Novice: 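Sharing a structure, written as structure tokens. Questions coming.
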Amino acid sequence: MSKLQGKVALVTGGNSGIGLATAKEFHAQGAKVVISGRNRETLAVVEKELGEGVLTVPSNVSKLSDIDELMAQTKATFGNLDILFVNAGIVIQGMLGKVTEEDFDAVINTNFKGAFFTIQKALPLLNDGASIIINGSINAHMAIPGSSIYSASKAAIHSLSRSLSSELIERGIRVNTITIGPTETPILGSFSPEQYAAFKQHIGQRSPVKRLGTSEEIAKVALFLASSDSSFVVGSEIYAEGGMLFNRL
Ligand SMILES: NC(=O)c1ccc[n+]([C@@H]2O[C@H](COP(=O)([O-])OP(=O)(O)OC[C@H]3O[C@@H](n4cnc5c(N)ncnc54)[C@H](OP(=O)(O)O)[C@@H]3O)[C@@H](O)[C@H]2O)c1
């Protein structure tokens, strides 16, 4: 059954990892999908793979003029939006003394400022009753050395999600967060092979499910929040993290 027939969805960072799997899931469920990202090559690959009902737009979420252009192209091609997946994000790790102003600005401008202005500029396009899904992280709730700016950027959007859920529900627009745990995606490519092996081993020991998640598993949660199946879910967090956050194994 197609859960999103007749709907229009926008996925920022829909050309890789969790965003890509979610864009595919939304499309398979009948939605027209707008996919943004900076990398024109991967955008072209997705557009070719998915075919009809897809618009890809090169767009940097940390540039407000790019977001304006993204919304203008969305409006011109598919009209208004029913679903917005605020997903684009980056990770930069580093202990406090090593973090540079460039690192700080890159993470905050992408993960927080980018999310904020994506939602603000999507607002005129969002139909009453639309669903906004924020890509959050267990890092927002954890104390992880070397993750201060990334974790703070995610904590900021968890807070934003709660504030906006109360502000936008007047129009029936639901805002919810997926609190995501370690998931196998290209974002982990910033690790060296040794760091990556150590990380996987750590997750294997620490996680109740003893593995990383997959992008497809997160996409199924996004589908639930995007569809009317979650019509009573407002301002919530859904934990998709293999039980890691609250389990002290
Ligand atoms: N993987 C995990 O373990 C995990 C856990 C918790 C939360 N998350 C969150 O999940 C989201 C997706 O990450 P992922 O794991 O799927 O990694 P990914 O495969 O690296 O995807 C990141 C996406 O964000 C886009 N992006 C990055 N900076 C952008 C910018 N300035 N403007 C527009 N798009 C931008 C990238 O496209 P371009 O490079 O083409 O711009 C890419 O499509 C992120 O917000 C991340 O924080 C991931």
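Predicted, not measured: the structure shown is a model, and the values here were computed from it. Note that these values count all heavy atoms, side chains included, but never hydrogens, waters or copies made by symmetry. When a ligand or atom number is given, it counts from 1 through the structure's own listing order.
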Novice: May I have the step-by-step check of salt bridge (charged side-chain N to carboxylate O under 4.0 Å, His left out) for Glu184 and Lys200, ending in yes or no?
Specialist: CA-CA 10 Å; Glu184 189 107 43; Lys200 271 192 109 162; 3.5 Å; yes
Novice: Only counting residues at least two apart or in another chain, list the ones meeting side-chain contact (heavy atoms from CB on, under 4.5 Å) with Glu69.
Specialist: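 With sequence neighbours excluded, Glu69 shows a side-chain contact (heavy atoms from CB on, under 4.5 Å) to Gln73, given in chain and number order.
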Novice: Could you give the distance from CG (Leu20) to CG (Leu50), rounded to the nearest 0.5 Å?
Specialist: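 The CG atom of Leu20 sits 7.5 Å away from the CG atom of Leu50.
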Novice: Give the minimum heavy-atom separation between Gly13 and Ala88, together with the two atoms involved.
Specialist: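 Nearest heavy atoms, Gly13 then Ala88: N-CB, 3.9 Å.
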Novice: Report all protein residues having a heavy-atom distance below 4.0 Å to some atom of ligand 1; order the list by chain, then number.
Specialist: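 Under the 4.0 Å cut-off, ligand 1 touches Gly13, Asn15, Ser16, Gly17, Ile18, Gly37, Arg38, Asn39, Ser59, Asn60, Val61, Asn87, Ala88, Gly89, Ile90, Thr110, Asn135, Gly136, Ser137, Tyr150, Lys154, Ile180, Gly181, Pro182, Thr183, Thr185, Pro186, Ile187.
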Novice: Does any donor atom in the side chain of Glu237 or His141 lie under 3.5 Å from an acceptor atom in the other side chain?
Specialist: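 Yes, His141 and Glu237 have a side-chain donor paired with an acceptor closer than 3.5 Å.
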Novice: Side chains of Asp66 and Asn60: is there a donor and an acceptor less than 3.5 Å apart?
Specialist: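 No donor-acceptor contact under 3.5 Å links the two side chains.
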